[in-house]
A.B. asks: 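The structure is given below, and queries will be raised subsequently.
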Amino acid sequence: FTLPFVFGLEYRKDDFQTLSDAESAQAVLFNGEAVVGFVQSNVFGSAGGSAQGGRSYKAAYLETVASWFVGKLESGFALRFDDYSDVGSKVSPKVSLGYRPIEDVLARASYSKGFRAPDLQSLYGGPSKSAETTIDTVACTADPTDTSACEPEQRTVVFDSNPNLKPEKSTSISSGV
């Protein structure tokens with residue numbers, strides 16, 4: 001009987017910065033909390049302001065797989081700890097089990113939890129505007145015979161960050177034969 005395992009540690013410091021020229025930055029009116037309007041400028045296409053942010057990240061992980069009864073049964077266990085200075089920390093476990101009654105058949109199942117921190121652009125990026133091609137799906141669905149409502153149209157779209165975003169959490173259960 002052997003019990004192989006792997007473990008590791010991670011550390012990272014991430015910094016984010018976008019620098020806009022004065023002409024691009026003045027095209028979007030921002031009151032410190034929200035985009036409140038646009039100014040006609042000499043910028044064609046996208047425009048927006050400067051922004052910056054950063055974080056440190058630490059993680060530790062461990063994984064092992066054990067084989068039992070001459071390879072007929074296999075069990076696995078993994079544990080990961082992620083710690084982000086700006087959005088918090090989370091422990092993510094995984095357990096798995098596999099059973100091979102005969103050489104050509106493998107039944108297995110697993111259960112795990114996941115954690116994904118928001119990217120720095122989503123947290124700290126500055127407001128920007130862009131001309132995007134869209135289709136008004138609400139108007140198109142309301143009256144599919146109105147072909148003008150279903151045509152692609154270019155609209156001014158505002159993109160902004162949200163410093164209050166929380167990490168995504170997931171639970172996964174899988175099985176198969």
A.B. asks: Do the side chains of Asp14 and Leu120 get nearer than 4.5 Å, heavy atoms only?
C.D. replies: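 Leu120 reaches Asp14 side chain to side chain.
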A.B. asks: Are Val65 and Leu3 side-chain neighbours, meaning at least one heavy-atom pair lies under 4.5 Å?
C.D. replies: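 They are not in contact (no side-chain heavy atoms under 4.5 Å apart), so the answer is no.
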A.B. asks: Can you get from Tyr124 to Tyr57 by hopping between Ile, Leu, Val, Met, Phe, Trp and Tyr side chains that sit under 4.5 Å apart?
C.D. replies: yes
A.B. asks: Test side-chain contact (heavy atoms from CB on, under 4.5 Å) on Glu74 and Phe69; report intermediate values, then the result.
C.D. replies: CA-CA 9 Å; Glu74 183 177 283; Phe69 307 111; over 6 Å; no
A.B. asks: Counting heavy atoms not belonging to Lys166, are there more than 12 under 6.0 Å from its NZ?
C.D. replies: no
A.B. asks: Kindly give the cluster partners of Leu62, where membership spreads through any ILVMFWY side chain lying under 4.5 Å from a current member.
C.D. replies: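 Its cluster partners, ordered by chain and number, are Phe5, Phe7.
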A.B. asks: Indicate yes or no: at least one non-hydrogen side-chain atom of Gln121 is less than 4.5 angstrom from one of Phe16.
C.D. replies: yes
A.B. asks: Between atom OG of Ser175 and atom CG of Leu97, what is the distance when rounded to the nearest 0.5 Å?
C.D. replies: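 The OG atom of Ser175 sits 11.5 Å away from the CG atom of Leu97.
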A.B. asks: Any chance you could lay out the side-chain contact (heavy atoms from CB on, under 4.5 Å) test for Tyr61 and Leu9, step after step, and finish with the verdict?
C.D. replies: CA-CA 7 Å; Tyr61 55 89; Leu9 301 170; over 6 Å; no
A.B. asks: For Ser89 and Tyr84, what are the C-alpha separation, side-chain angles and deciding distance, and is it a side-chain contact (heavy atoms from CB on, under 4.5 Å)?
C.D. replies: CA-CA 6 Å; Ser89 59; Tyr84 290 84; over 6 Å; no
A.B. asks: Should the pair Lys90-Asp82 be classified as a salt bridge under the 4.0 Å nitrogen-to-oxygen rule?
C.D. replies: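 Result for this pair is no, no salt bridge flagged.
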A.B. asks: For Arg80, is there an ion pair with Glu10 - N to carboxylate O distance below 4.0 angstrom?
C.D. replies: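 Yes, this pair counts.
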A.B. asks: If I compare all heavy atoms of Ala51 with all of Gly125, which pair ends up nearest, and what's the gap?
C.D. replies: CB-C, 3.7 Å
A.B. asks: Say whether Leu106 and Trp68 are linked into one hydrophobic cluster, either directly or through other cluster members, by side-chain heavy-atom distances under 4.5 angstrom.
C.D. replies: no
A.B. asks: Decide whether Ile173 and Val91 are clustered together by the hydrophobic rule: side chain heavy atoms of Ile, Leu, Val, Met, Phe, Trp, Tyr closer than 4.5 Å, transitively.
C.D. replies: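 Yes: a chain of side-chain contacts under 4.5 Å links Ile173 to Val91.
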A.B. asks: What distance separates Asp119 CG from Leu165 CG, expressed to the nearest 0.5 Å?
C.D. replies: 8.5 Å
A.B. asks: May I ask you to check whether over 12 heavy atoms, not counting those of Tyr11, lie within 6.0 Å of atom OH?
C.D. replies: yes
A.B. asks: Within the 4.5 Å heavy-atom criterion, are Val177 and Val105 side-chain neighbours or not?
C.D. replies: yes
A.B. asks: Kindly indicate whether the side chain of Ser56, heavy atoms from C-beta on, has any atom under 4.5 Å from the side chain of Arg12.
C.D. replies: no
A.B. asks: Would you check if there is a donor-acceptor pair between the side chains of Arg55 and Ser85 at a distance under 3.5 Å?
C.D. replies: no
A.B. asks: Could you tell me the separation between the NZ atom of Lys72 and the OG atom of Ser67, rounded to the nearest 0.5 Å?
C.D. replies: 11.0 Å
A.B. asks: Just verifying a value: how many Å separate Lys113 NZ and Ser170 OG, rounded to the nearest 0.5 Å?
C.D. replies: 8.5 Å
A.B. asks: For the backbone of Ala109 and the side chain of Ser96, can you confirm whether one donor and one acceptor N or O come within less than 3.5 Å of each other?
C.D. replies: no
A.B. asks: Got a second to check how far Phe115's CZ is from Phe81's CZ, nearest 0.5 Å?
C.D. replies: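 The distance works out to 9.0 Å.
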A.B. asks: Could you give the distance from SG (Cys150) to CG (Asp136), rounded to the nearest 0.5 Å?
C.D. replies: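 Answer for the SG-CG pair, Cys150 versus Asp136, is 8.5 Å.
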A.B. asks: Identify the heavy atoms of Asp86 and Gly54 that sit nearest to each other, and give their distance.
C.D. replies: OD2-O, 4.3 Å
A.B. asks: Regarding Ser122 and Ser161, is there a side-chain donor-to-acceptor distance under 3.5 Å anywhere?
C.D. replies: no
A.B. asks: For residues Pro118 and Pro167, report the shortest heavy-atom separation together with the two atoms involved.
C.D. replies: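 Scanning both residues completely, I find the closest heavy atoms to be CD-CA, 3.9 Å.
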A.B. asks: Would you indicate whether the side-chain heavy atoms of Ile102 and Arg100 approach each other to under 4.5 Å?
C.D. replies: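 No, their side chains stay 4.5 Å or more apart.
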A.B. asks: Which atoms form the tightest heavy-atom contact between Pro152 and Thr133, and what is the distance?
C.D. replies: CB-CG2, 3.7 Å
A.B. asks: Do other residues, nucleotides or ligands put more than 12 heavy atoms under 6.0 Å from Arg108 CZ?
C.D. replies: no
